[in-house]
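Residue numbers count from 1 along this sequence. These values consider heavy atoms only, across backbone and side chains, with no hydrogens, waters or symmetry-generated copies.
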Amino acid sequence: PVSILTYMAQEVLGSNGQIANNWTCANELNVAYYNVQRSVDATNFSNIGRVSAKGNGSYSFLDLNAGNYAKYKTIYYRLQIVDRDGSVRYSKTMSVQLSVISNQLTVFPNPSKNFIIISGKGVKEIRLIDNLGREVLNRKV
């Protein structure tokens, strides 16, 4: 069992869409780790990071790729709490309104295996992120 005393997700000012997830726990017994999860529809969540349990205290995780989801305006986060015996519980869901302004960009085909076509105006950098939030390409244009 664990008690989540506080959980906040908020955009880091001036970061172009980075989201800080911060939480504080008490009564942390047999917790193995916390998966930080992201969603654009508050229904389908994906793991974007894992934070090992350390006992009672404060935790944080910075989502460096949240700005890539700016077209959705709102991003949702929650914690998946995984115990040593494999049992799972979830925190409440937090919503974050993004303030970043995204350039209009077209990428196709999606999904793709061997190539993609990218077009847009005012694009200075292209970063490709897989569905787990990992950066697979970063190029200056």
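Of all heavy-atom pairs spanning Val96 and Gln10, the tightest one is CG2-N, 4.1 Å. Residues Ile81 and Val2 share a closest heavy-atom pair of CG2-CG1, 3.8 Å. Nearest approach of Val12 to Ala20, heavy atoms of both residues: CG2-CB, 3.9 Å. Taking both residues in full, the closest heavy atoms of Leu98 and Ala70 are given as CD1-CA, 3.7 Å, listed atom of the first, atom of the second, then distance. When every heavy atom of Gly17 is checked against every heavy atom of Ala66, the shortest pair comes out as O-CB, 2.9 Å. The shortest non-hydrogen separation linking Tyr76 to Ala42 is CD1-N, 3.4 Å.
To the nearest 0.5 Å, atom CZ of residue Arg38 and atom CD1 of residue Ile75 are 6.5 Å apart. Separation of atoms CD (Glu135) and CG (Leu64) is listed at 9.5 Å; rounding is to 0.5 Å. Between atom CZ of residue Arg78 and atom CG of residue Asn21 there is a gap of 13.0 Å, rounded to the nearest 0.5 Å. Between the CG atom in Leu79 and the NZ atom in Lys92 there is a gap of 10.5 Å [rounded to 0.5 Å]. With rounding to the nearest 0.5 Å, the separation of CG in Asn35 from OG in Ser46 is 11.0 Å. Distance CG/Asn138 to CZ/Arg127: 6.0 Å, rounded to 0.5 Å.
Using modelled atom types and a 3.5 Å distance limit, the side chains of Thr6 and Thr24 yield a donor-acceptor pair. The closest side-chain donor-acceptor pair between Gln37 and Asn47 falls under 3.5 angstrom.
With ring centers used as reference points, Trp23 lies 6.0 Å or more from Phe61.
Asn30 places none of its side-chain heavy atoms less than 4.5 Å from the side chain of Asp85. Taking the side chain as every heavy atom from C-beta outward, Asp63 and Val36 never approach each other to under 4.5 Å. Tyr34 places a side-chain heavy atom less than 4.5 Å from the side chain of Cys25. With contacts defined as side-chain heavy-atom distances shorter than 4.5 Å, the pair Val31/Val82 does not qualify.
Both Ile4 and Met94 belong to a single network of hydrophobic side chains, linked directly or stepwise wherever heavy atoms of I, L, V, M, F, W or Y lie under 4.5 Å apart. Grouping the Ile, Leu, Val, Met, Phe, Trp and Tyr side chains by contacts below 4.5 angstrom, directly or via other members, places Tyr72 with Ile48. With hydrophobic clusters built from ILVMFWY side chains whose heavy atoms lie under 4.5 angstrom apart, Val88 shares a cluster with Tyr33. Each of Phe45 and Val51 belongs to its own hydrophobic cluster when Ile, Leu, Val, Met, Phe, Trp and Tyr are linked at side-chain heavy-atom distances under 4.5 angstrom. Residues Ile126 and Val136 share a hydrophobic cluster, clusters being chains of Ile/Leu/Val/Met/Phe/Trp/Tyr side chains in contact below 4.5 Å.
Tyr59 places a side-chain N or O within donor-acceptor distance of the main-chain N or O of Lys54, the cut-off being under 3.5 Å. Side-chain atoms of Asn27 never come within 3.5 Å of backbone atoms of Ser3 as a donor-acceptor pair (strictly under, hydrogens ignored).
Residues forming a side chain to side chain contact (heavy atoms under 4.5 Å, CB included) with Asn44 (at least two apart in sequence, or on another chain): Asp41. Evaluation of the ring pair (Phe, Tyr, Trp, His ring centres under 6.0 Å) rule for Tyr7 yields no partner, not counting sequence neighbours. Tyr77 pairs by the ring pair (Phe, Tyr, Trp, His ring centres under 6.0 Å) definition with nothing, not counting sequence neighbours.
Within 6.0 Å of the CG atom in Leu13, the count of heavy atoms belonging to other residues, nucleotides or ligands does not exceed 12.
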Side chain to side chain contact (heavy atoms under 4.5 Å, CB included) between Val40 and Lys71, worked out:
CA-CA 10 Å; Val40 295; Lys71 70 178 183 178; over 6 Å; no

